[in-house]
Undergrad: 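Quick one: structure below, then a few questions.
Heavy-atom basis, side chains included; hydrogens, waters and symmetry copies ignored. In this text the structure is predicted, and so the values were computed from the model without any measurement.
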Amino acid sequence: MRRARFIKLGLAALTSALGCQSIVGIEERHYEPPEQASPECKAYCDAVMKGCTGANAAYADRDSCIATCGKIPGGEANADNSLECRTQQAELAVSTGEPEVHCPAAGPFGAGTCGSTCQAYCTLLAASCADKLVGVSDCVSACSGLRADKNYDLTSLDTGDNLECRVAYAVKAAADPTTNCGPAALKSSGCVDAPDAAPSCEDVCNLVGAACTGSAKVYSNKAECLGVCSALDIGKNSDVMENTSACRKYHAYNSMAAPAQHCPHAGPGGDGHCGTDNCQAYCQLFSRVCKTEFTTSFGDESKCLTECAKLPGAAADTWSAASAQGNSVKCRLVNVARATTDATNCAAAAGGGECQ
């Protein structure tokens, strides 16, 4: 038996405290000083500190390894998010002389060999920073929208809007949650890209697709999201209210814990949170995606804004999960998004077809 104390996270506790279905059944072990650590954790940390050093280091020091070990669940040695699998990989790093192959899995990341990195991340986050998962119904699904750079070098994981940076802070949070849970969170306060840089549409749409599902879905598919993202002004990573794709990325992070509230802001119209209302985005998108129909219908953006303001759903906070059919701004926006991949939808985006 390990000497570290196990606390089972039951379904009821998870539902009330975390709302995170993906981590049901995971056992939490509290950090103990090195001299009190379980034999399994001592053996693991001995192996990983020996086999994974320098650029391949899995932990900054042995104490960090011991603290994290107390959060890793037990299991099988073959391809699961377990301590046993990581120990095996650490031993292989020594015996094969190939630390670059085995150390990413031997460390906290799992790296697809000892479970997915999202599984590892969500396990560590739940164990040390449970409050950061309040409202998140499925941590692993939400995590799938994060950019994975597959960089495991600890010396360069203190910034950058990627999954590995969050794992690195989750490891630090095992020993010091007070200062490290914010950066470790899905909506991270520390793992960010340069504020004046532009995000990629791939990053924007991966986040929107992971956060906004089911009744909160705002695009039929990723291709439509990419089309809208490319047609809008891209903006900067610091955008939080502008009619830009970068602003929609910001609200996609908010959507992870409150999809019903924030997914409309991450959608094509911005819903008055990315832009002033839904007409600003509609007129911009329509003029750029359906140029011929825009010219015929409005001629210029000023007239478009005037006419759009008369339609249902023009104002801020009016996007809903209801059907997009009928003479509404939502119907037109949905068809503008579709038109980015199929121009035959431009007629409905102009107010014809299903949007009459």
Undergrad: Short question: side chain of Asn335, backbone of Cys331 - any donor-acceptor pair under 3.5 Å?
TA: yes
Undergrad: Taking the six-membered ring for Trp, are Phe294 and Phe286 parallel (under 30°), tilted (30 to 60°) or perpendicular (over 60°)?
TA: perpendicular
Undergrad: For Cys122 and Cys143: C-alpha separation, side-chain torsions, deciding distance, then whether disulfide bond (SG atoms under 2.5 Å apart) applies.
TA: CA-CA 8 Å; Cys122 289; Cys143 172; 5.0 Å; no
Undergrad: Distance from Leu232 atom CG to Ser245 atom OG, nearest 0.5 Å?
TA: 4.5 Å
Undergrad: Compare all side-chain heavy atoms of Tyr282 with those of Cys308 and state whether any distance is below 4.5 angstrom.
TA: yes
Undergrad: Are any non-hydrogen side-chain atoms of Arg248 and Asp239 less than 4.5 angstrom apart?
TA: no
Undergrad: By the definition side-chain contact (heavy atoms from CB on, under 4.5 Å), identify the one residue from Leu285, Asn278, Asn327 that meets it with Arg332.
TA: Asn327
Undergrad: Is any side-chain heavy atom of Met241 closer than 4.5 Å to one of His273?
TA: no
Undergrad: Is the shortest side-chain N to carboxylate O distance from Arg338 to Glu354 below 4.0 Å?
TA: yes
Undergrad: Between Ser255 and Gln261, is there a donor-acceptor pair closer than 3.5 Å when you use the side chain of the first and the backbone of the second?
TA: no
Undergrad: Does the distance from a Lys or Arg side-chain N to an Asp or Glu carboxylate O, for Asp161 and Lys187, drop under 4.0 Å?
TA: no
Undergrad: Check whether any side-chain N or O of Thr318 sits under 3.5 Å from a backbone N or O of Ala315 as a donor-acceptor pair, and report yes or no.
TA: yes
Undergrad: Is the number of heavy atoms from other residues, nucleotides or ligands within 6.0 Å of CE (Met49) greater than 12?
TA: yes
Undergrad: Measuring from Leu125:CG to Leu186:CG, what's the distance to the nearest 0.5 Å?
TA: 6.5 Å
Undergrad: Is the shortest side-chain N to carboxylate O distance from Lys330 to Asp271 below 4.0 Å?
TA: no
Undergrad: Does Arg86 pair with Glu91 as a salt bridge, N-O distance under 4.0 Å?
TA: no
Undergrad: Taking C-beta and beyond as the side chain, do Asn162 and Cys191 meet within less than 4.5 Å on heavy atoms?
TA: no
Undergrad: Looking at Cys283 and Cys304, is the distance between their SG atoms under 2.5 Å?
TA: yes
Undergrad: Arg166 versus Leu146: any side-chain heavy-atom pair under 4.5 Å?
TA: yes
Undergrad: Walk me through it: do Cys139 and Cys118 pass the test disulfide bond (SG atoms under 2.5 Å apart)?
TA: CA-CA 8 Å; Cys139 177; Cys118 276; over 6 Å; no
Undergrad: Between the side chains of Asn81 and Thr123, does any donor sit under 3.5 Å from an acceptor?
TA: yes
Undergrad: Has the side chain of Asn345 got a donor or acceptor atom that lies under 3.5 Å from a matching backbone atom of Asp342?
TA: yes
Undergrad: Roughly how far, to the nearest 0.5 Å, is CZ of Arg62 from SG of Cys45?
TA: 5.5 Å
Undergrad: Could you tell me if the side chain of Leu226 sits less than 4.5 Å from the side chain of Cys205, heavy atoms only?
TA: yes
Undergrad: Enter the distance from Ser328:OG to Leu311:CG here, rounded to the nearest 0.5 Å.
TA: 7.5 Å
Undergrad: Looking at residues at least two apart in the chain, or sitting in another chain, which of them share a side-chain hydrogen bond (donor to acceptor under 3.5 Å, both in side chains) with Asp153?
TA: Thr155
Undergrad: Return yes when the gap between the SG atoms of Cys274 and Cys247 is under 2.5 Å; return no otherwise.
TA: yes
Undergrad: For Ser297 and Glu293, run side-chain hydrogen bond (donor to acceptor under 3.5 Å, both in side chains): C-alpha distance rounded to whole Å, both residues' side-chain angles, the deciding distance at 0.1 Å, then the answer.
TA: CA-CA 6 Å; Ser297 299; Glu293 290 79 3; over 6 Å; no
Undergrad: Do Tyr219 and Val204 share a hydrophobic cluster, counting only Ile, Leu, Val, Met, Phe, Trp and Tyr and linking them when any side-chain heavy atoms are less than 4.5 Å apart?
TA: yes
Undergrad: With a 3.5 Å distance limit and no angle check, can you tell me whether Ser141 reaches the backbone of Asp138 through a side-chain donor-acceptor pair?
TA: no
Undergrad: Does a sphere of radius 6.0 Å around NZ in Lys303 hold more than 12 heavy atoms from other residues, nucleotides or ligands, not counting ones at 6.0 Å or beyond?
TA: no
Undergrad: Under the 3.5 angstrom rule, does the side chain of Gln119 hit a backbone N or O of Gly115 as a donor-acceptor pair?
TA: no
Undergrad: When you compare the side chain of Arg288 with that of Asp233, does any pair of heavy atoms fall below 4.5 Å?
TA: yes
Undergrad: Looking only at atom types and distance, does a side-chain atom of Gln88 sit under 3.5 Å from a main-chain N or O of Cys85, one as donor and one as acceptor?
TA: no
Undergrad: Measure the shortest side-chain to side-chain distance between Val48 and Cys65 over non-hydrogen atoms and say whether it is less than 4.5 angstrom.
TA: yes
Undergrad: Would the pair Cys41 and Cys69 meet an SG-SG distance criterion of under 2.5 Å?
TA: yes
Undergrad: Taking atom OH of Tyr152 and atom OG1 of Thr117, what is their separation to the nearest 0.5 Å?
TA: 4.5 Å
Undergrad: Can you list, by chain and residue number, the hydrophobic cluster partners of Leu92 when the side-chain cut-off is 4.5 Å?
TA: none
Undergrad: Apply side-chain hydrogen bond (donor to acceptor under 3.5 Å, both in side chains) to Thr179 and Asp176, showing your working.
TA: CA-CA 6 Å; Thr179 59; Asp176 179 12; 2.8 Å; yes
Undergrad: So does Ala184 get a backbone contact from the side chain of Tyr121, meaning a donor-acceptor N/O pair under 3.5 Å?
TA: yes
